[in-house]
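So the structure is just underneath, and the comments pick up after that.
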Protein chains: 2
Amino acid sequence: MRISAKCDYACRALTALAKEWPNKKPIQIHMISQSQDIPMRYLVHILIQLKGLGLVTSTRGKAGGYALLRAPKKITLAEVMRKVCGPLLPRASSAAKSESVFATIWKELEGAMSKVLENITFDDILKKAKGIDGAINYHI
Amino acid sequence: MRISAKCDYACRALTALAKEWPNKKPIQIHMISQSQDIPMRYLVHILIQLKGLGLVTSTRGKAGGYALLRAPKKITLAEVMRKVCGPLLPRASSAAKSESVFATIWKELEGAMSKVLENITFDDILKKAKGIDGAINYHI
DNA sequence: TTATACTTTACTATGTTTATCAACATAGTA
DNA sequence: TACTATGTTGATAAACATAGTAAAGTATAA
């Protein structure tokens, strides 16, 4: 089991947008791509999805780009993960088998994950990032 | 993010074997396939992997088959998941990016999952399954 | 009108899941 | 020993999902 690249990218992209909150100026795709080291051509699709999910808004034309639709404090990792990565349960579980022991266990596991992710907002992530960047100072 | 069918199958197969513990007689692949509703040709490969991981043993020839190598009580879901499904972290995370905020968060998440899974042994699963089978009585 | 940046569609590459088949190993029997 | 039924092992390939690329289309500020 793995967190997909797409999910990781989506979270990192949202972090980049959260950094600018509540500025009015939108951020261009290539900026996000550079700062977060995400393949630009792929990021395009992810941002469109995030827009469809009601997490970000977009502006076209010159000085266009993307911006958060809500305050970072109001966006939890749980919401993003659920929307972008989908549920934890295996696809194959049929109706009959949904009564199986493991259906119960996987749901229990999903609950434990949610508990952790509900308590992390993108405001928290910004604070954590500042700590790491300050200590290591890796980026230019 | 999803629990792969393979992981789900592996757990169900181990449950089928756990039911027979500590009988001496090995269980054939087609028996496991039938009772757990797992595609037989695929199950073959999963069992070979489980054998390589030191979870089960196999006997060839007439009356051959598979059996657990340890008591169900001594096998946790955490061990199986870690071995079969691999780590939670996204593959793409490079060395530089491993210092990223999300690398930390994904590890935290993995820890929360482990805590749940460490506390579930295949003995527990057998008991749960009995409860469900007894109540619903779905299988022939 | 024009440059710019988002939007949409189509395509390629890679990896995972599942199915098929031939080769090999073992136990029982004569 | 040789034969045979039964079952494991391993290689290969089709079907599908994911990850990433490319380029033409569309909206908007200047």
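In the text below, chain A, chain B and the rest are named by the order of the sequence lines, each starting its count at 1.
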Does [N] have OP1 or OP2 under 4.0 Å away from a side-chain N or O of [X]?
X	N	value
Y9(B)	dT16(C)	no
S4(B)	dT17(C)	yes
K51(A)	dT7(C)	yes
S58(B)	dG7(D)	no
Y42(B)	dA19(C)	no

Exercise for the section: Have a look at H30(A) and say if it touches a base, only the backbone sugar-phosphate, or nothing, with a 4.0 Å heavy-atom cut-off. Expected result: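 Here H30(A) touches no strand at all.
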Exercise for the section: Remember a base hit wins even if backbone is also touched, and classify I29(A) as base, sugar-phosphate or nothing at under 4.0 Å, heavy atoms. Expected result: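 Sugar-phosphate, no base atom in range.
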Looking at [atom1] of [X] and [atom2] of [Y], how far apart are the two atoms once the value is rounded to the nearest 0.5 Å?
X	Y	atom1	atom2	value
Y42(B)	I29(B)	OH	CD1	14.0 Å
T15(A)	I75(A)	OG1	CD1	10.0 Å
K25(A)	E20(A)	NZ	CD	8.5 Å

Separation of [X] atom [atom1] from [N] atom [atom2], in whole Å?
X	N	atom1	atom2	answer
L43(A)	dA19(D)	CG	C1'	13 Å
L50(B)	dT8(D)	CG	C1'	15 Å
L17(A)	dC6(C)	CG	C1'	14 Å
R2(B)	dG15(C)	CZ	P	18 Å
K25(B)	dT6(D)	NZ	C1'	15 Å
H45(B)	dT18(C)	NE2	P	11 Å
I38(B)	dT17(C)	CD1	P	14 Å
K6(A)	dT21(D)	NZ	C1'	16 Å

Exercise for the section: Identify which nucleotide among dA23(D), dA30(D), dG25(D) has an atom closest to any side-chain atom of K62(A), counting heavy atoms from C-beta outward. Expected result: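 So the nucleotide nearest the side chain must be dA30(D).
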[X] vs [Y] side-chain heavy atoms within contact, under 4.5 Å:
X	Y	result
I105(A)	K128(B)	yes
T76(A)	L117(A)	no
C11(B)	V80(B)	yes

Problem - Residue whose nearest DNA chain D nucleotide is more 5′ - C7(A) or I48(B) - result: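 Of the two residues, I48(B) wins.
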Handout entry: Linked, directly or transitively: L50(A) and L69(A) (ILVMFWY side chains, under 4.5 Å)
Key =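 No, it is not one cluster - the side chains of L50(A) and L69(A) are not joined through contacts under 4.5 Å.
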Practice task
Dot-bracket for DNA chain C, please, read 5' to 3', with Watson-Crick or G-U wobble pairs under 3.5 Å on both distances, ( ) within the strand, [ ] crossing, | other strand, . unpaired.
Solution key: ||||||||||||||||||||||||||||||
Handout entry: Donor-acceptor contact below 3.5 Å, side chain S33(B) vs main chain P39(B)
Key =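 No, the answer is negative, given that no donor and acceptor are paired below the 3.5 Å cut-off.
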Exercise for the section: With DNA chain C as reference, determine whether V44(A) or A63(A) sits nearer its 5' end, using the nearest nucleotide of each. Expected result: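 Its nearest nucleotide lies further toward 5', so the answer is A63(A).
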